[in-house]
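In what follows, chains carry the letters A, B, and so on, assigned in the order in which the sequence lines appear, proteins first and then strands, with residues in each chain numbered from 1. Any value given below was found using the heavy atoms of this structure, including those in side chains, with hydrogens, waters and symmetry copies removed.
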Amino acid sequence: MDQISLTERDAIGIGMHDLRTVDCDPDFWYPVAWSHELKAGKTIGTRYAGQPVALVRPTEGEVFALEDRCAHRQVPLSKGTVKGQAVQCCYHGWAYGRSGRCIDVPYLGKGKLPNGVRTYPCREQGGLIFIFPGDPALADSIPMPTLAHVGDPDFRTRQFGPRVACHYTFMHENLMDMNHQFLHRRQMGQIRARFLSQDRGENFVEARYSFARTDTHQPLAEALIFGRHRDLKGREQPVEEVVTVRTEYPYQTLRIVDKDGDLMMDLWVAYVPQSADQRTTRAFGLLSVRRPKIPFLIDLIWPALAVFTNRIFEEDREVVELEQQAWDAQGGDRNREVFPVVNHLRALLARSGRPGQSAGAGRAVFS
Amino acid sequence: MDQISLTERDAIGIGMHDLRTVDCDPDFWYPVAWSHELKAGKTIGTRYAGQPVALVRPTEGEVFALEDRCAHRQVPLSKGTVKGQAVQCCYHGWAYGRSGRCIDVPYLGKGKLPNGVRTYPCREQGGLIFIFPGDPALADSIPMPTLAHVGDPDFRTRQFGPRVACHYTFMHENLMDMNHQFLHRRQMGQIRARFLSQDRGENFVEARYSFARTDTHQPLAEALIFGRHRDLKGREQPVEEVVTVRTEYPYQTLRIVDKDGDLMMDLWVAYVPQSADQRTTRAFGLLSVRRPKIPFLIDLIWPALAVFTNRIFEEDREVVELEQQAWDAQGGDRNREVFPVVNHLRALLARSGRPGQSAGAGRAVFS
Amino acid sequence: MDQISLTERDAIGIGMHDLRTVDCDPDFWYPVAWSHELKAGKTIGTRYAGQPVALVRPTEGEVFALEDRCAHRQVPLSKGTVKGQAVQCCYHGWAYGRSGRCIDVPYLGKGKLPNGVRTYPCREQGGLIFIFPGDPALADSIPMPTLAHVGDPDFRTRQFGPRVACHYTFMHENLMDMNHQFLHRRQMGQIRARFLSQDRGENFVEARYSFARTDTHQPLAEALIFGRHRDLKGREQPVEEVVTVRTEYPYQTLRIVDKDGDLMMDLWVAYVPQSADQRTTRAFGLLSVRRPKIPFLIDLIWPALAVFTNRIFEEDREVVELEQQAWDAQGGDRNREVFPVVNHLRALLARSGRPGQSAGAGRAVFS
């Protein structure tokens, strides 16, 4: 990593808005709920960047998504009931169909029905319900993401979806900079990430790392999945996996390939802004792990893997929330980034997003 | 209801302030506490629209009401102690009489006593303590409200006084629009309100409804009070009571008259703003129910009636708080009201109230 | 007290900023932690007036104090680990030495190290860790305060350090005005403070009181320390101790001398602003009590003394927080002070402090 010029960063982002005031580009497919959260014949409320969204699953037919406010008195439609292909507001019983049109006001003549509510293009895939919060005309032309190895019998996939009180950009930077393994020293033992190379393009930034273990302690869950590393008595022993972290806007992936070139782990994650200022985020993650040769071993270690990944994620969550708290207290971004990959990532996130309501309120990036 | 022109609403309220920024007219008598909350020889703190009020009940003589801030260091007098016809601040012992005048500073000569604190005209009636928060000179000319059938031996009266996190106007509209029976379908069964007629004047709006039951389920508490309805096997069976809802500014009543023209139930309620922005409310309600012919039956069903009315009120509370939350999130009133009675009510509340501090901050009514 | 002219107050403070918008002068030594809170080889986070401070105690050498934000991503250094004479950030392992200089970024060449973080002059004395939050060049010229009788074998000293949600000036005024004994009537019995005399100078205000008991009840803890007072059946019985309260900016002391002129109790307290608006405070108090002649008696009564002083302090805390709440609600200071000592104290606090960020936002003092 030392070999990468620090002056690269100076070429990036000068004059940009404070990155923490840049909103996500809404013209992508964003997950807003897990499929299992929405039972047949029910509706639930979710949100994208301050916009309340009602998801409706009729007993027959696909899920659909409406603005989660009755046109009458703005009460959430997700508090209502599903009736055929419509949702009926809990308060005075106004009903809205799949198109968002108001199709019934129980105490009003049919000719006099008021207008309806906004709809969102909606798709269900890989156990997730996605909406397209941007321009609906673009929805069909924007591809759905590849969701790790969901459905692949060679892998088992774990869902995780924590809520985190920070801007989504802190999450991208957290994962991209593997030098933060220091944070996880208690869970992972002394691992040192060695930066190998980077790549970038119009809509992505990618970094590759090898991992070197600097102690002899290896967690059980890791050993069971990747095999035990034979350590040379205190010498740094390279773990021969290569870890590739990639932000392909707006999603992020982390893939681990073993010494034989086989994909061992594939993580896909989307960071979905919750509040209007986008400073709270709900992550939707899919972690696909290759099933070991021994049948049922994956089932045996699955709970341990859950505990292990949860602990790691809790550490990440604490630190990115501390970053957001510092931003709030300082009134802007004072980060002094020295790792070129992260600076390229910041530039990607800045140019791919949209100036938020609070843009201009914060300070310059790279102060 | 269909027969009432929707165009009526266009004639109402254009150019008005956002209704949720209209403050209550303080030149009325408002309840601020239940009598039983204030023991003899004690003082309690309450409030009207952000103004803290100390109520004082000497061991002898009437309750009186003072601004709840010591003139010295602004500490609540209601934290102090009652001493004869005065209240003594808890901090340095300054004492104030019924007139608000400072009558003692324990460490200061009598000739040097500072000025006192503001008082409020105060009356106690029907188990409630009222103050007149507006111009004291008007207090005697403004009549006290009629408090349902408190004290009438033919009725038994229940007190209820929840706090609700919304503007008082949402409460008026909630009760006035009986089409919201849909909200209470789990408690009341399938009841359909049929709008009969309306009436309005300078200071009131009134709507009359009949109720039609659309299923065969009738709650026990209702049946015991009003008698069981004989249903014609699935056909809509009119419940022959007439329900009259009336806002006579600033109070609201709901009266139920049975098929013989006898008053069965009489509800009186006042909505008292708590915070300075008037977006939190404490309701003071008196629900008078006619005693059935069979003695003690009313006592037998009283607990069930309490549960029943509490459940209904909880549903109302949730929905009006959702309305306030939507107003907060949307930064103004986007309601699209189609029921003329409610639009007349809104006009009444708007013209009877006073522009609040935040008037102009919200958006136009009926956007 | 009556004999002191009320007109004195008119000469004070006209045209001043609202006292609750005056910040503490940072050019003094302020305690920010108890020594026992910071173990060897550990770091903790504390704060002064919104500035986060990391205190670091290496296993060898003195405590040092840094700005509690890593220069990299602003994460608190106090979440990190101590390594020799340095602290290492928990996130990416950046390390900072005693001087605040960044001495290691594990993944970066030594020649490319970024700048470090701000430091604070730091001293440890009497069980407290002090920093100098102002101009570091002045630190050596500003003396440390005398800390009650810490270390004196004739006294036993109790530490107390509550957090209080009010501006530090309310705390000074609370203690200075002994007429507030009325507040503690339940703990202390009916004690009447008699104002004896005052003194003041450039940087201090002092008031002396004698205490007269107006009932026969004397708390046990008080009696054990000061001896039982022989009461003349209902007549006011002077307690012959003299109590001297002194604010010597920015600290405050309360000393009790008995009838023989011996110092019986010596309280030292510093009020340290926590939030940037200085409307929350952490007090650091040292209460030195002279050991009675009978050995071990002090140990016997120590728990009772703790309970007694805690109860009194809880009453003070409640009332000063009520004062702050009134200030917040009223948008400024409406106090009407009649006690000249307090007005002199206010003038001292106003001229010794610095206009805060919110100066001008509040209303005039002595409205």
Are there over 12 heavy-atom neighbours, none belonging to [X], within less than 6.0 Å of that residue's [atom1]?
X: E37(A); atom1: CD; result: yes
X: R311(B); atom1: CZ; result: no
X: R101(A); atom1: CZ; result: no

If we only count heavy atoms from C-beta on, is the [X] to [Y] side-chain gap below 4.5 Å?
X: R336(B); Y: N115(A); value: yes
X: P106(A); Y: N179(B); value: no
X: V320(B); Y: Y91(A); value: yes
X: K79(A); Y: E318(B); value: yes
X: V105(A); Y: F339(B); value: no
X: V338(B); Y: H92(A); value: no

Among G50(A), A71(A), C70(A), residue most engaged with chain B (heavy-atom pairs, under 4.5 Å) |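 If we count pairs closer than 4.5 Å to chain B, A71(A) comes out on top.
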Which region of C89(A), side chain (C-beta onward) or backbone (N, CA, C, O), has a non-hydrogen atom less than 4.5 Å from a non-hydrogen atom of chain B, or is it both or neither?
->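 It is the backbone, since no side chain atom gets that close.
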In terms of heavy-atom proximity below 4.5 Å to chain B, should R73(A) be classed as side chain, backbone, both, or neither?
->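 Answer is both: backbone and side chain atoms of R73(A) are under 4.5 Å from chain B.
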Can you see which heavy atom on C90(A) is nearest to which on R185(B), and at what distance?
->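 Result for this residue pair: O-NH1, 3.7 Å.
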Please look at Q325(B) and chain A and tell me whether the side chain, the backbone, both or neither of the residue comes under 4.5 angstrom of a heavy atom of that chain.
->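 Contact with chain A involves no heavy atom of Q325(B) at all.
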Portion of D177(B) that has a non-hydrogen atom of chain A nearer than 4.5 angstrom =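 For D177(B), heavy atoms of backbone and side chain both lie under 4.5 Å from chain A.
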Could you state the interatomic distance from CD (Q74(A)) to CG (D328(B)), rounded to the nearest 0.5 Å?
->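 Between Q74(A) CD and D328(B) CG, I get 12.5 Å after rounding to 0.5 Å.
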Which of the residues M178(B), E315(B), H180(B) is involved in the greatest number of heavy-atom pairs with chain A at under 4.5 angstrom?
->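 Of M178(B), E315(B), H180(B), H180(B) has the most heavy-atom pairs under 4.5 Å with chain A.
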